[in-house]
Student: 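First, the structure itself, so that you have it in front of you.
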Number of protein chains: 2
Amino acid sequence: MSCHTSKDSLHAVGMKVTKAREVLLRVLEASDHPLTVDEIYDRLAQPRPGRPTIYRNLERFIQEGWAESFVDKNQIQRFLRCSTTEHHHHIHCEKCQRTTELDGCAMTKALSQLERQCGYKVTRHQLQIYGLCPGCQKALTLK
Amino acid sequence: MSCHTSKDSLHAVGMKVTKAREVLLRVLEASDHPLTVDEIYDRLAQPRPGRPTIYRNLERFIQEGWAESFVDKNQIQRFLRCSTTEHHHHIHCEKCQRTTELDGCAMTKALSQLERQCGYKVTRHQLQIYGLCPGCQKALTLK
DNA sequence: TCCAAAACAGAATCAAGTTCTATTTCTGTA
DNA sequence: TACAGAAATAGAACTTGATTCTGTTTTGGA
């Protein structure tokens, strides 16, 4: 039984194991949708890390590929845990906010075609996909 | 000779023709890359509209489909003029910041395939593509 | 157990963006 | 051309997400 996943991960990349880091990873993992720093803050039991600590560590997590952030439509940064460090995208349910990690990237072909069309050399891209999750679709048809 | 394009556009949608709006549209049109509100502000001759006026009108322009905004990596909102109200994307040069409007959307097929795979009903998406424009590629190979 | 480096706390600060109210500008009508 | 009502602007004040800074605490290897 492995109760030490986060500890091991932290060690593996040479980061010290601190309360703040363990609890932050736990909060991110427990959520099925991306969280703002305020939401993370509210979910932490006292005594809890301060906001600067939260920001600093989330930044580190992103560097390691353990998490991603994006800016939502209210211009607030949201953070979510990723289960893979491979390039991938997410789909967000517009109704319940649930976020699902997608396998791989569906755009590779379209992008190489694009390169030929516009003359640019594509280096990277960001894609946010929004929709209705299966559960919310069902809820709508029942009305 | 049509010197009244912006005036006509404003009338067409029932917006009053004001100095602020004309000058804002002109600044957006004159730039080949997306501008922050501060950059727009700096390009306006005095007496110039205040920041609230700039934000308010850019918002209106976006509603009309005349412009788009996105949040850059420093979390600052940037605005760019669009030549079409059709759904489309842009590619940004990472070196010179130039932005090019792309024809149509290359993702339609990939998204409907995605729907079948993940069970979500896709409602909308955002795509930012980054790369090197033809000019900057050439400049690199000459070094 | 001890020590140096790393990490944290918390107040202060920064700055993008918004709100609010008084004033000005625009445009249709006479 | 003058007027009136509606729309828009000016500019100060405010909100708030995010960062900086300094002194203190924690971590982990020796």
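A note on names: the letters A, B, ... follow the listed sequences, proteins ahead of strands, and every chain is numbered from 1.
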Student: Within this structure, what is the CG-to-C1' distance between A:L24 and C:dC8, rounded to whole angstrom?
Tutor: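 Those two atoms, CG and C1', are 12 Å apart.
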
Student: What does A:P52 touch in the nucleic acid at a heavy-atom separation under 4.0 angstrom: a base, only the sugar-phosphate, or nothing?
Tutor: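 The answer is base, as A:P52 lies within the cut-off (heavy atoms under 4.0 Å) of a base atom.
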
Student: Please check this pair: side chain of A:E115 against backbone of A:V122, looking for a donor-acceptor N/O pair closer than 3.5 Å.
Tutor: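 Answer holds: yes.
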
Student: Examine C:dC8: is either OP1 or OP2 under 4.0 Å from a nitrogen or oxygen in the side chain of A:R56? Give yes or no.
Tutor: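 Answer is yes, contact under 4.0 Å.
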
Student: Among the candidates D:dG28, C:dC8, D:dA18, find the nucleotide nearest to the side-chain atoms of A:T53.
Tutor: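 The answer is C:dC8.
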
Student: Between A:N74 and D:dG17, is there a side-chain N or O to OP1/OP2 distance below 4.0 Å?
Tutor: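 Answer no for this pair, as no side-chain N or O of A:N74 is under 4.0 Å from OP1 or OP2.
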
Student: Side chains of A:E101 and A:T84: any donor to acceptor distance under 3.5 Å?
Tutor: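 Side-chain D/A pair, A:T84 to A:E101: absent.
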
Student: Which of these nucleotides, D:dA18, C:dG17, C:dT27, is closest to any side-chain atom of B:H11?
Tutor: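 Among D:dA18, C:dG17, C:dT27, the one nearest the side chain of B:H11 is C:dT27.
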
Student: Under 3.5 Å, is there a donor-acceptor pair between the B:H92 and B:T99 side chains?
Tutor: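 There is such a pair (donor and acceptor under 3.5 Å, judged by atom type) between the side chains of B:H92 and B:T99.
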
Student: Nearest-Å distance, CG (B:D38) to P (C:dT18)?
Tutor: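 Between P of C:dT18 and CG of B:D38: 13 Å.
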
Student: For the pair made of CD1 in B:I76 and P in D:dG17, what is the distance, rounded to whole Å?
Tutor: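 From B:I76 CD1 to D:dG17 P: 17 Å.
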
Student: Send over the distance from A:L10 CG to D:dT26 C1', rounded to a whole Å.
Tutor: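 Answer to the nearest Å: 14 Å.
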
Student: Using a heavy-atom cut-off of under 4.0 Å over every strand shown, decide if B:V37 touches base, sugar-phosphate, or nothing.
Tutor: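 Contact class for B:V37: none.
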
Student: In whole angstrom, give the distance that lies between atom CE of A:M15 and atom P of C:dC8.
Tutor: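 Distance check: A:M15 CE to C:dC8 P gives 8 Å.
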
Student: Reading DNA chain C from 5' onward, which residue's closest nucleotide shows up sooner: B:F79 or A:G50?
Tutor: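 The residue whose closest nucleotide sits nearer the 5' end is A:G50.
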
Student: B:R21 CZ to C:dT24 P: how many Å, rounded?
Tutor: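 In whole Å, C:dT24 P lies 19 Å from B:R21 CZ.
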
Student: Which one, C:dC8, D:dG17, C:dA16, comes nearest to the side chain of A:N57?
Tutor: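 Output: C:dC8.
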
Student: Hey, does the side chain of B:T141 reach the backbone of B:K138 with a donor-acceptor pair shorter than 3.5 angstrom?
Tutor: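 Yes; judged by distance alone, with no hydrogens or angles, the pair exists.
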
Student: Look at the side-chain N and O atoms of A:T18 and state whether any lies under 4.0 Å from the OP1 or OP2 oxygen of D:dT26.
Tutor: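 No, A:T18 has no side-chain N/O under 4.0 Å of OP1/OP2 on D:dT26.
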
Student: Report the distance from atom NZ of A:K16 to atom P of D:dT27, rounded to the nearest whole Å.
Tutor: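 Spelled out: NZ on A:K16 to P on D:dT27 is 9 Å.
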
Student: Has B:Y55 got a side-chain N or O lying under 4.0 Å from the OP1 or OP2 atom of C:dT18?
Tutor: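 Checking C:dT18 against B:Y55, no side-chain N or O comes under 4.0 Å of OP1 or OP2.
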
Student: Check A:P49 against A:Y41 and note the closest heavy-atom contact, atom names and distance.
Tutor: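 Of all heavy-atom pairs spanning A:P49 and A:Y41, the closest is O-CE1, 3.6 Å.
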
Student: Looking only at side-chain N and O atoms, does B:Q75 come under 4.0 Å of OP1 or OP2 in D:dA18?
Tutor: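 True: B:Q75 side-chain N/O within range (under 4.0 Å) of D:dA18 OP1/OP2.
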
Student: Within this structure, what is the CD-to-P distance between A:Q77 and C:dA16, rounded to whole angstrom?
Tutor: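 Those two atoms, CD and P, are 15 Å apart.
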
